[in-house]
There are 2 protein chains.
Amino acid sequence: MQLTPTGWSILGFLALQPRNGYAIRQAARRSVEHFWGVSDGQLYPQLRHLHELGLIAPAGAAPERGASTTWHLTTAGRGALHEWLRTPSAATRSRDENLVKLMFADDLGRSAVLDLLQERRAAFAATREQVAAVKPGAQRHGEDEALDRVGPRLVHEYSLSFLDAAIGWCEDAMAEVTGQEGS
Amino acid sequence: MQLTPTGWSILGFLALQPRNGYAIRQAARRSVEHFWGVSDGQLYPQLRHLHELGLIAPAGAAPERGASTTWHLTTAGRGALHEWLRTPSAATRSRDENLVKLMFADDLGRSAVLDLLQERRAAFAATREQVAAVKPGAQRHGEDEALDRVGPRLVHEYSLSFLDAAIGWCEDAMAEVTGQEGS
DNA sequence: CTGAACATGTAAAAGGTTACATGATTTT
DNA sequence: AAAATCATGTAACCTTTTACATGTTCAG
């Protein structure tokens, strides 16, 4: 069984609990967004595809066009997800325009380098606040299977620790660049 | 002037010093790879494109097919690069399959979560060694303008501090998951 | 009843990765 | 002379992004 990681991620969200496409998007925004964005244009085609493969099924009989459709995993879907979970992962990849700029910014002088670091710090700090405001796994109210999962909590903690490290680095770097007034 | 960040990154490497396509790829591998990969299939078409825009020029008269071509920035190219450097950057984006799996791995039990964390730790540790082995900015021998640039050094330090944070988090997470033998 | 949020979708274009294909140069 | 590395390029495919398009439900 072969899917794009975006497909797997959608499958994963349905494994946590049944929901409609819109709710998947929201859940992705709350948790995964920074390391696996799911874009609008891909969500609904992927749902159709997963349905065709028999990995998910609509709650009602037939999904009507334009109406809200709640999807849930089939047995095959859960099996496929578990199989994927045991598969080795592709390496982490980032696309970080700001860092690329930093690489080449010397030409413009120290102040330009500082500007880039400041931009970076501000962006990370804003993201950190946003992430800190979210409670991981609290996707439903009341007692729920989702609540005692370690996965969402660990991922949330990872995001925070990454952001803290990045912000810390920005500050160190700014101090370093400000300190040595050579060149 | 509008380019893809891949194009800008190529331009940036030529700003540091003139070189051929192959050398750009190598330089990218040494420095930027983890946060802005430049893939083979894009490099040469991009060089042609940058040439058409008048941002870079070949060393010899005309670039011959199959022969090594050393490219350097034109005045317009350097101007465009500088302009880009002052432009606000797109937000950092990562694609991290391992983290997505972690999010959904609870179903398979604590041992599967630990496996994922171990896989993650090993991958980051390997990358860390690889990155640590590289000396930033040392792209030429002898005294060189590249040597007193802060950019490459800062970026190198960022990579290391990111990797350290990630490895630290893996270890904390493993301890946490191992510790609480509930569920 | 009006606007905000909910909900689903499509089409086109841009971008990136992979695999392939070829030949030159240098080292052993 | 063979092998490794240097060097350039193409084509197909896959994925993602963006922009658009439409209709519903609920709160004020």
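Throughout, a chain's letter reflects where its sequence line sits, starting with A, and its residues are numbered from 1.
Spacing between atom NE2 of H49(B) and atom P of dT8(D) amounts to 19 Å, rounded to whole angstrom units. The interatomic distance linking Q26(A) (CD) with dT8(C) (P) rounds to 11 Å, in whole Å. Between the OH atom of Y44(B) and the C1' atom of dA11(D) there is a distance of 17 Å, rounded to whole Å. Taking atom NE2 of residue H51(A) and atom P of nucleotide dT8(C), one finds them 14 Å apart after rounding to whole Å. Atom CD1 of I10(B) is separated from atom C1' of dG15(C) by 13 Å (rounded to the nearest Å). The distance between atom CZ of R29(A) and atom P of dA5(C), rounded to the nearest whole Å, is 13 Å. One atom, CZ of R48(B), and another, C1' of dA11(D), lie 12 Å apart when rounded to the nearest Å. The interatomic distance linking L47(B) (CG) with dT8(D) (C1') rounds to 10 Å, in whole Å.
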Counting primed atoms plus P, OP1 and OP2 as sugar-phosphate and everything else as base, spell out the protein contacts along nucleotides 15-22 of chain D at 4.0 Å heavy-atom distance: B, S or - for each nucleotide, 5' to 3'. SSBB----
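Under the side-chain hydrogen bond (donor to acceptor under 3.5 Å, both in side chains) criterion, Y158(B) pairs with R120(A), sequence neighbours left out. For W169(A), the side-chain hydrogen bond (donor to acceptor under 3.5 Å, both in side chains) test picks out no residue, with sequence neighbours left out. For R121(A), the salt bridge (charged side-chain N to carboxylate O under 4.0 Å, His left out) partners at least two apart in sequence or on another chain are E171(A). Applying the side-chain hydrogen bond (donor to acceptor under 3.5 Å, both in side chains) criterion to D164(A), with sequence neighbours excluded, gives R128(A). The side-chain hydrogen bond (donor to acceptor under 3.5 Å, both in side chains) search around S94(B) returns S94(A), not counting sequence neighbours.
Considering only the side chain of N20(B), dT8(D) comes nearest among dG9(D), dA7(C), dT8(D). Nearest to the side-chain atoms of R25(B) among the listed nucleotides dT10(C), dT8(C), dT8(D) stands dT8(D).
Residues L117(A) and L160(B) are members of one and the same hydrophobic cluster, defined by side-chain heavy-atom contacts under 4.5 angstrom among Ile, Leu, Val, Met, Phe, Trp and Tyr.
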